[in-house]
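For reference, the structure discussed in these notes is given below.
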Amino acid sequence: MPQGEMRKPLLGGAAEPDVPACDLKSPAVGILGTGDFSRSLAHRLLACGLRVIVGSRSPDRNADRFPAGVEVSTQRDAAAQAHVLFVALFPDHYSSLAALKGELAGKVLVDVSNGTTLNRSRPSNAEELAALFPESSVVKGFNVLSAWALLNGPRDGSRQVLICSDDFQAKNRVALLARSMGFVPVDMGCLSSARDIENAPLYLFPSWGSPFLCAVCLFFSFYIYNFFRGVLLPYVIKGHNVFYKLPVEMVNETLPLVSLVMLALVYLPGLLAAGLQLLRGTKYQTFPMWLDRWLCMRKQLGLLSFFCAAMHALYSLCLPMRSSARYKLLNAAFKQVKLGQESSWMEQDVWRMELYLSFGIVALGVLSLLAVTSLPSVGNSLNWREFSFVQSGLGYAALSISTLHTLTFGWNRAFDPGQYEFYLPPTFVLAVLLPCIVLLGRLALALPCLSLRLARIRRGWETRLHQVHFRLPDEDMSTV
Ligand code: NAP
């Protein structure tokens, strides 16, 4: 680590560092440009006790925008004095530095620029900078940090700085600098990775697209089905107006169905993968692309399932607050009085509700545990066995309890023809199909004949290696 590092604490006072404790004899770190990024970077470098020289086209005009201790000079002066220079300009202005080629030869140039749109084919900004200054060593880095994050420093202790370069020594130097500023450098390899690094801040939740789409499609499918079956058809055929159910009751009926199916979708690809391995008798054949992608999105599917379950719990808690619920209760009480009925207690219904609620609460609790362990900071603290116990053991427990929650909701109504109004089954019947298939599939895989064979295949055993090959006279090789 460079001398003087940590002499000034990173935490506290980052926005306005006091008089810096920089070592005037240490080699200066240069910054070209005096914009937002440059100012934040200068603050942070200075706070780490480094000597900072900023190169500007108009140093007199911009000098007072930097804290005392930062030297603001001409671009040529900065290029001549510093060995590592951050190019804090927009790429459109790189060519304006062409006159400094001589001073910048042999120096390390750090390209901090970002793209404005995703770049899939063009050369990266860093590669363009390297082409402009072939005698300098270009390192891509620090672009994933905002000016604000730089100014505040790595308060959460986990800020990563992605870096890459074709010059190994230059890359190490910049990595050391990033570390001395309290950030975590991540080596991304050669300068050809610069495009990925420039694209990194532009992605919008890249791994969430398909799981999110899946959740939205499921939600609307169940919601529209419920709407037809429970609202539109009763209105058209019987004249019952229950449109008031749309905002709360129908949403609350749909959310648990989405949650349950999504949870089943977390475990189904694992079963399909196991089935394929059993069928092929080897683990050394790649899975189809769609299965690979499905396996990779299990965490997101699980978290969305948890989100829907949590929303269902919230909606359910709010159900009694609605005016419609109060009116219904009063009407039922009034009817009971009119009929002279003293008690409406139904033992079976009471038990159904108690079990239904209890399964629901436990399922949500287990799902919460799964969601917490999917956080990298928690997941990383578990060893492989603990992680697989939580994600597989507890995961299947959550799926089983959620299925029981839905089954107790349905109770014997699944076998009541009156529930199949307009020849349409209730949604809870549709929703438990996939989870039941997944749970049965898991039970089947637990059978000794399958589980032992699968365990052997996963340890590297292959069926075809154990087949006996022999050659019949006048025939090609045959396999038994
Ligand atoms: P900025 O505030 O607009 O500053 C750019 C600097 O470039 C100006 O201060 C100016 O410095 C110089 N400049 C302006 N016009 C010029 C021209 N025509 N020719 C030559 N130099 C010119 O921009 P910034 O926000 O600091 O961003 C600088 C770079 O950092 C960009 O590539 C950006 O993608 C990257 N970056 C920024 C952030 C952020 O949060 N701001 C985060 C990550 C990466 P002088 O007048 O002193 O020469």
Side-chain angles (χ1 to χ4, degrees), residues 14-15 28-46 52-67 70-82 84-101 103-104 108-119 122-133 136 138-155 159-164 174 177-178 181 183-186 188 191 193-203:
V29 177
I31 307 174
L32 298 173
T34 53
D36 298 335
F37 194 85
S38 166
R39 279 203 302 282
S40 301
L41 184 63
H43 269 288
R44 183 104 320 270
L45 289 167
L46 194 68
V52 186
I53 178 160
V54 175
S56 170
R57 290 170 304 164
S58 16
D60 296 338
R61 191 162 58 104
N62 293 317
D64 55 352
R65 299 165 74 191
F66 287 83
V70 172
E71 300 165 46
V72 182
S73 185
T74 59
Q75 288 181 334
R76 191 171 297 279
D77 191 27
Q81 287 199 50
V84 177
L85 285 122
F86 287 84
V87 185
L89 310 178
F90 281 99
D92 302 346
H93 304 144
Y94 285 171
S95 53
S96 70
L97 301 175
L100 305 176
K101 247 182 197 165
E103 284 82 356
L104 293 177
V108 178
L109 298 183
V110 186
D111 179 293
V112 299
S113 67
N114 274 320
T116 43
T117 52
L118 272 181
N119 175 8
R122 285 172 285 115
S124 61
N125 299 335
E127 285 167 312
E128 281 181 354
L129 185 68
L132 275 174
F133 298 95
S136 310
V138 172
V139 178
K140 179 82 212 178
F142 286 86
N143 62 309
V144 290
L145 298 175
S146 66
W148 184 88
L150 262 177
L151 193 66
N152 284 281
R155 284 175 192 271
R159 287 252 169 216
Q160 292 186 334
V161 173
L162 311 181
I163 54 171
C164 72
V174 176
L177 200 57
M181 291 159 80
F183 298 107
V184 180
V186 179
M188 298 288 287
L191 203 62
S193 306
R195 200 192 309 158
D196 290 339
I197 300 182
E198 282 167 17
N199 282 338
L202 299 175
Y203 288 121

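Every number for a ligand or one of its atoms is a count from 1 in the order of the listing. Side chains included, hydrogens not; waters and symmetry mates left out as well; all remaining heavy atoms used.
- Contact annotation: for Ser56 versus ligand 1, heavy atoms closer than 4.0 Å belong to both the backbone and the side chain.
- When side chains are defined from C-beta on, Thr117 counts as touching Arg122, because their heavy atoms get closer than 4.5 Å.
- The N/O atoms of Asn143, backbone and side chain alike, include none that comes under 3.5 Å of an N/O atom in ligand 1.
- Between the side chain of Asn143 and the backbone N or O of Asn114, no donor-acceptor pair lies under 3.5 Å.
- Protein heavy atom closest to atom 48 (O) of ligand 1, with residue, atom name and distance, is Arg57 NE, 3.0 Å.
- Summarising the geometry of Ala88 relative to Ser38, their closest heavy-atom pair is CB-CB, 4.1 Å, with the distance given to 0.1 Å.
- Contact between Arg44 and Leu150 at its shortest, heavy atoms only, is NE-O, 2.7 Å.
- In this structure, Val186 and Leu162 have side chains that are in contact, with non-hydrogen atoms separated by less than 4.5 Å.
- What sits closest to atom 9 (O) of ligand 1 on the protein, heavy atoms only, is Gly35 N, 3.0 Å.
- Comparing Asn62, Ile31, Leu89 against atom 31 (C) of ligand 1, the shortest heavy-atom distance belongs to Leu89.
- Of the protein's non-hydrogen atoms, Asn114 N, 3.0 Å is the one closest to atom 34 (O) of ligand 1.
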Query - side-chain contact (heavy atoms from CB on, under 4.5 Å) assessment of Thr34 paired with Arg39 - result: CA-CA 6 Å; Thr34 53; Arg39 279 203 302 282; 5.8 Å; no
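- Residues Leu89 and Leu97 have side chains in contact (heavy-atom distance under 4.5 Å, counting atoms from C-beta outward).
- Considering CD of Gln81 and CD of Glu71, their distance stands at 6.0 Å, rounded to 0.5 Å.
- Residue Leu145 has at least one heavy-atom neighbour below 4.0 Å for each of these atoms of ligand 1: 42 (C), 43 (C).
- Distance from atom 45 (P) of ligand 1 to its nearest protein heavy atom, with residue and atom name: Thr34 OG1, 3.4 Å.
- Set against the non-hydrogen atoms of Ser113, the atoms of ligand 1 under 4.0 Å away are 32 (O), 34 (O), 35 (C).
- The option with the heavy atom closest to atom 28 (C) of ligand 1, from among Pro201, Pro59, Ala88, Ser38, is Ala88.
- Of the protein's non-hydrogen atoms, Phe90 CE2, 3.9 Å is the one closest to atom 33 (C) of ligand 1.
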Report task. Test side-chain contact (heavy atoms from CB on, under 4.5 Å) on Arg65 and Val72 and set out the steps. Result -> CA-CA 10 Å; Arg65 299 165 74 191; Val72 182; over 6 Å; no
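- If you check each of Ala147, Ala149, Ser40 against atom 41 (N) of ligand 1, the one with the closest non-hydrogen atom is Ala147.
- In this structure, atom 44 (C) of ligand 1 lies nearest to the protein heavy atom Val112 O, 3.1 Å.
- Between Ser146 and ligand 1, a contact under 3.5 Å exists for no N or O pair.
- Looking at atom 37 (C) of ligand 1, its nearest protein heavy atom turns out to be Phe37 CD1, 3.5 Å.
- Using a 4.5 Å heavy-atom threshold, the side chains of Ser136 and Lys101 count as separate.
- Residue, atom and distance of the protein heavy atom nearest to atom 15 (N) of ligand 1 are His93 CE1, 3.3 Å.
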